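Notes follow once the structure below has been shown.
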Amino acid sequence: AMVLALIGGWQLWRSQPILAESFATQRGQQRQVKLPDGSTLWLDTATQVDVALYRHRREVRLSEGQVFLAVQADPDQPFDVLAGATRVTVVGTRFSVRRTRSGVGDADSVSVVVEEGRVRVTSQSGNAQVLGAAQAVAELTAGQSVTAHASGTLAPIDSQPQAAGAWREGRINFNNTPLGQALAEFERYGNTQLVIRDPAVAALKVQGSFDLRHLNAFKFQLSAESGSS
């Protein structure tokens with residue numbers, strides 16, 4: 001009985017997190033968080049993460065928003081980022097994970113972009129009624145990205161290089177993005193005071209890199225393009 005109690009106590013000790021803390025940013029706010037293991041998180045606007053560091057693993061849960069991670073390599077302590085039904089597993093790397101309900105991309109999809117190193121993205125459908133629920137695994141290297149749909153399936157890996165965290169430098173990149181989504185992306189950072197009432201206008205494509213701090217320049221470009229069309 002004493003041996004069982006000791007084993008149970010040891011297992012309980014191992015299962016308790018060394019650190020369990022939540023971090024959040026408000027609309028328009030960004031924040032850098034340094035973890036005791038040497039890893040660093042950058043939280044974008046309107047982001048909520050829960051961090052738990054255990055003796056044998058590290059875990060970050062992304063409830064909402066966008067986070068860029070520079071993970072301190074430690075083969076004995078795998079690092080997982082959980083976002084909905086998607087798990088991103090790394091040892092040491094730099095990458096971003098996004099899960100938002102508005103802006104660029106589909107609502108509640110999860111996108112992962114790798115800046116350096118390798119990550120494994122696993123997505124599993126949350127529908128337990130489906131026998132053998134759809135599961136997909138993608139192995140990403142530097143410059144690659146992938147999107148996990150809300151349904152739990154993974155899109156094909158995108159190997160076109162893209163910035164993993166342009167928002168950390170105060171920029172938004174659009175690549176053939178519908179104007180409606182582009183404006184919704186700006187709205188994540190602050191009030192644009194712009195409303196699109198015409199679906200045809202909302203569907204217009206936007207291309208380029210824009211400064212988050214100079215929304216007026218974006219408005220001016222839109223006005224110029226609308227005037228020339």
Side-chain angles (χ1 to χ4, degrees), residues 24-30 42-49 62-68 81 83-86 88 95-115 121 123 138 140 143-229:
T25 52
Q26 303 300 315
R27 187 186 190 191
Q29 180 188 14
Q30 293 181 342
W42 286 266
L43 279 62
D44 192 16
T45 177
T47 296
Q48 167 75 44
V49 298
L62 174 63
S63 303
E64 169 76 16
Q66 189 165 217
V67 60
F68 181 91
V81 180
T86 302
V88 185
F95 64 106
S96 69
V97 183
R98 173 186 174 119
R99 182 194 187 197
T100 62
R101 293 175 178 82
S102 64
V104 176
D106 298 331
D108 267 344
S109 65
V110 176
S111 63
V112 181
V113 184
V114 179
E115 184 175 283
V121 180
S123 184
L140 303 182
Q144 293 184 324
S145 61
V146 74
T147 297
H149 301 298
S151 63
T153 59
L154 286 179
I157 293 175
D158 188 347
S159 295
Q160 291 184 339
Q162 56 177 297
W167 48 268
R168 289 184 298 137
E169 280 78 49
R171 303 200 66 80
I172 299 180
N173 296 328
F174 297 127
N175 182 19
N176 263 349
T177 303
L179 177 57
Q181 281 193 7
L183 280 183
E185 186 69 12
F186 270 107
E187 282 285 344
R188 294 181 58 242
Y189 296 87
N191 186 6
T192 65
Q193 298 180 330
L194 291 176
V195 178
I196 304 175
R197 305 192 188 280
D198 187 342
V201 174
L204 293 175
K205 303 299 185 186
V206 179
Q207 186 83 23
S209 180
F210 299 89
D211 193 327
L212 276 169
R213 296 156 296 188
H214 295 98
L215 177 60
N216 286 335
F218 180 68
K219 291 182 182 177
F220 178 78
Q221 181 165 332
L222 289 180
S223 302
E225 290 178 355
S226 300
S228 62
S229 60

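Count residues from 1 along the sequence. The structure presented is a predicted model; accordingly, all values stated were derived computationally and were not measured.
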Measuring from [X]:[atom1] to [Y]:[atom2], what's the distance to the nearest 0.5 Å?
X: Gln181; Y: Lys205; atom1: CD; atom2: NZ; result: 8.0 Å
X: Glu185; Y: Phe174; atom1: CD; atom2: CZ; result: 6.0 Å
X: Phe68; Y: Trp167; atom1: CZ; atom2: CH2; result: 8.0 Å
X: Thr177; Y: Leu183; atom1: OG1; atom2: CG; result: 11.5 Å
X: Gln26; Y: Thr45; atom1: CD; atom2: OG1; result: 8.5 Å
X: Arg99; Y: Ser109; atom1: CZ; atom2: OG; result: 10.0 Å

How close do [X] and [Y] get, heavy atom to heavy atom, and via which atoms?
X: Val146; Y: Pro156; result: CG2-O, 4.2 Å
X: Thr86; Y: Ser123; result: OG1-OG, 3.7 Å
X: Ala24; Y: Gln48; result: CB-OE1, 3.5 Å
X: Phe95; Y: Val81; result: CZ-CG2, 3.8 Å
X: Gly65; Y: Arg188; result: CA-NH2, 4.2 Å
X: Gln30; Y: Tyr189; result: NE2-CE2, 4.0 Å

Sorted by chain and residue number, the side-chain hydrogen bond (donor to acceptor under 3.5 Å, both in side chains) partners of Thr100 (sequence neighbours excluded) come out as Arg98
Excluding sequence neighbours, so at least two apart, what forms side-chain hydrogen bond (donor to acceptor under 3.5 Å, both in side chains) with Ser209?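 Scan of Ser209 (side-chain hydrogen bond (donor to acceptor under 3.5 Å, both in side chains), adjacent residues dropped) gives Arg171, Asn173.
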Do Gln207 and Asn175 meet the criterion of a side-chain donor-acceptor pair at a distance under 3.5 Å?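 A pair is found: one side chain offers a donor N or O, the other an acceptor, under 3.5 Å apart.
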Assess whether atom CD of Glu169 is packed by more than 12 heavy atoms of other residues, nucleotides or ligands within 6.0 Å. yes
Main-chain N/O of Gly190 paired to Arg27 side chain as donor or acceptor, under 3.5 Å: yes
Holding to side chain to side chain contact (heavy atoms under 4.5 Å, CB included), I want the full list of residues that pass it with Thr47, two or more places apart in sequence or in another chain.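 Checked Thr47 against side chain to side chain contact (heavy atoms under 4.5 Å, CB included); matches are Thr25, Leu43, Asp44, Val49, Leu62.
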